Amino acid sequence: MADLITTHATLARAGIDEFYPVFSKQRRKVYPKVGWRDKSGVLGTQQYMRVREEGGFSYATVVNEAAAIPISSFTAGREKDYYWVKRGLGYRASFEKLETDQYGIVQEVSRKMAVAMEKTKESTAFNIFNNHTSTDTAYVGRDAVALVSTAHPYDGGTWSNRGTGASNTDVDLSITALEDAMAKLLDTVDEKGIPAEKVGPFKLLIPNELWALGQRLAKALKLPQSNDNDPNVAGSLISEIVTSPWLTDADAWWLIEADPMEHGLFQMKHGSRRVQKKLYEETEEYAFFLTEKWLFHHLDARGVWGTAGA
């Protein structure tokens with residue numbers, strides 16, 4: 001249904017020029033700060049991206065003279081297909097509505113659609129973290145495990161990137177929890193169980209509710225809220241604090257390797273953004289359409305540590 005002049009009648013008269021600058025202001029982008037790895041170049045005309053996890057070799061063994069060299073398995077065999085999703089916005093308005101728009105608010109529909117598309121990206125990107133413990137097919141990685149889990153598989157065992165305490169409950173943000181998380185990232189292993197430690201620097205991803213606490217913990221030169229003068233080692237390894245209003249759990253928080261090549265979070269885009277304008281002569285209306293195709297997901301959980309909080 002078209003947007004008619006009667007639904008926006010106040011725009012047809014003078015006296016609202018202070019309304020427009022506030023209405024048209026575009027907010028800052030948050031999701032790029034996570035450091036998503038760009039995988040767009042591998043798509044071409046494909047509908048999806050297939051990722052296969054190849055294993056490595058274990059330690060080399062001692063081989064005696066004229067003895068057979070042990071044969072090792074190379075391919076782990078885990079794979080997943082990642083499908084991009086098409087999203088779109090549409091708007092339809094009468095000639096009369098466009099002609100009486102003295103301030104050009106309605107005529108800027110394409111730009112406003114672009115802003116809405118960016119907000120959609122914010123929502124879908126951070127939804128990966130809102131569902132970081134989900135085992136639903138839409139959120140698991142190529143190892144068929146949640147992004148944050150105590151049961152990531154490797155040949156012969158499992159490894160964990162989930163912050164849990166002695167009672168197996170998730171831990172709240174604190175200086176000791178930060179130190180423990182970084183120690184756990186140092187214990188990261190590859191598909192064969194060989195150390196593949198993540199040494200930082202890291203980004204601290206937190207909801208808005210933890211903004212002040214995150215600043216105190218990461219920016220203090222000495223251990224915060226203590227009576228000693230020990231240096232804040234954990235805080236010195238945090239290169240950036242990222243807060244987002246799209247994170248829904250007020251207690252959850254994450255550490256992410258700052259170098260995108262050291263973690264598996266990725267964004268892939270298929271094609272380019274399409275903006276179209278269509279004329280309906282019989283009803284004297286214009287329609288505007290915007291579409292874009294993308295996906296946010298994770299290839300691998302290494303380089304990411306998270307917790308749902310206590």
Side-chain angles (χ1 to χ4, degrees), residues 34 125-154 156-189 193 195-220 223-228 230 232-238 240-257 263-265 297-298 300-310:
V34 172
F126 287 107
N127 206 37
I128 297 298
F129 296 97
N130 291 331
N131 292 276
H132 63 151
T133 61
S134 173
T135 56
D136 187 275
T137 304
Y139 298 107
V140 299
R142 60 182 178 179
D143 61 0
V145 177
L147 171 61
V148 173
S149 173
T150 59
H152 291 287
Y154 68 85
T158 59
W159 62 277
S160 173
N161 70 334
R162 182 168 181 173
T164 55
S167 58
N168 208 34
T169 57
D170 286 86
V171 294
D172 285 331
L173 180 60
S174 68
I175 193 63
T176 54
L178 273 178
E179 291 172 346
D180 183 63
M182 291 177 182
K184 294 293 177 59
L185 283 162
L186 288 172
D187 288 335
T188 303
V189 296
E197 68 276 12
K198 301 299 178 179
V199 300
F202 305 99
K203 293 186 178 184
L204 175 62
L205 175 61
I206 52 178
N208 286 350
E209 291 84 351
L210 294 178
W211 174 83
L213 177 59
Q215 294 288 331
R216 293 199 301 269
L217 297 179
K219 298 295 181 67
L223 284 180
Q225 298 175 326
S226 65
N227 294 321
D228 55 44
D230 291 341
N232 184 5
V233 178
S236 68
L237 288 174
I238 296 176
E240 185 176 5
I241 301 172
V242 181
T243 60
S244 171
W246 281 274
L247 294 172
T248 57
D249 189 337
D251 296 319
W253 55 281
W254 301 263
L255 281 178
I256 304 169
E257 275 272 4
H263 65 67
L265 300 171
H297 215 296
H298 64 97
D300 197 292
R302 295 171 180 85
V304 177
W305 184 99
T307 175

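Since the model is a prediction, treat every value here as computed from it, not as a measurement.
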Report the C-alpha distance between W159 and D187 in whole Å, list the side-chain angles of each, state the deciding distance to 0.1 Å, and finish with yes or no for side-chain contact (heavy atoms from CB on, under 4.5 Å). CA-CA 9 Å; W159 62 277; D187 288 335; over 6 Å; no

How far apart are the C-alpha atoms of L217 and I238, what are their side-chain angles, what is the distance that settles it, and do they pass the side-chain contact (heavy atoms from CB on, under 4.5 Å) test? CA-CA 10 Å; L217 297 179; I238 296 176; over 6 Å; no

What side-chain donor-acceptor pairs closer than 3.5 Å can you find for residues 301-310, not counting sequence neighbours?
unit_1	atom_1	unit_2	atom_2	d
R302	NE	V189	O	2.7
R302	NH1	D300	OD1	3.0
R302	NH1	D300	OD2	2.6
R302	NH2	V189	O	3.4
T307	OG1	G163	O	3.0
T307	OG1	D170	OD2	3.1
T307	OG1	V171	N	3.2
T307	OG1	V171	O	3.3
T307	OG1	G309	N	3.1

Output side-chain donor-acceptor pairs under 3.5 Å for residues 133-141, partner residues at least two apart or in another chain, one line each.
unit_1	atom_1	unit_2	atom_2	d
S134	OG	D136	N	3.1
D136	OD1	A138	N	2.9
Y139	OH	N127	ND2	3.2
Y139	OH	N131	ND2	3.4

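Contact check for F202 versus L178: no side-chain heavy atoms found under the 4.5 Å cut-off. Side-chain contact between H152 and T158 is absent, with no heavy atoms from C-beta onward closer than 4.5 Å. Residues I206 and V242 fail the side-chain proximity criterion, which asks for heavy atoms closer than 4.5 Å. Looking at N130 and D249, their side chains never come closer than 4.5 Å, going by heavy atoms from C-beta outward. At a threshold of 4.5 Å between non-hydrogen side-chain atoms, the residues I241 and K219 count as touching. Contact annotation: the side chain of W253 never approaches that of L213 to less than 4.5 Å [non-hydrogen atoms, C-beta and beyond].
L185 CG to E197 CD: the interatomic distance, rounded to the nearest 0.5 Å, is 11.0 Å. Note that the CD1 atom of I128 and the CG atom of L147 stand 8.0 Å from one another [nearest 0.5 Å]. Taken to the nearest 0.5 Å, the NE2 atom of H298 stands 10.5 Å off from the CZ atom of R142.
With sequence neighbours left out, the side-chain hydrogen bond (donor to acceptor under 3.5 Å, both in side chains) criterion links W254 to H132.
In terms of heavy atoms, A252 sits closest to L210 at O-CD1, 3.8 Å. When all heavy atoms are compared, the tightest approach of L255 to M182 is CD1-CG, 3.9 Å. Smallest separation of non-hydrogen atoms from V148 and N161: CA-OD1, 3.4 Å. Here the closest heavy-atom approach between residue P207 and residue T243 is recorded as O-CG2, 4.4 Å. Closest non-hydrogen pair, H263 versus E257, comes out as CD2-O, 3.1 Å.
Side-chain N or O atoms of E179 include none that pairs as donor or acceptor with a backbone N or O of N232 at under 3.5 Å.
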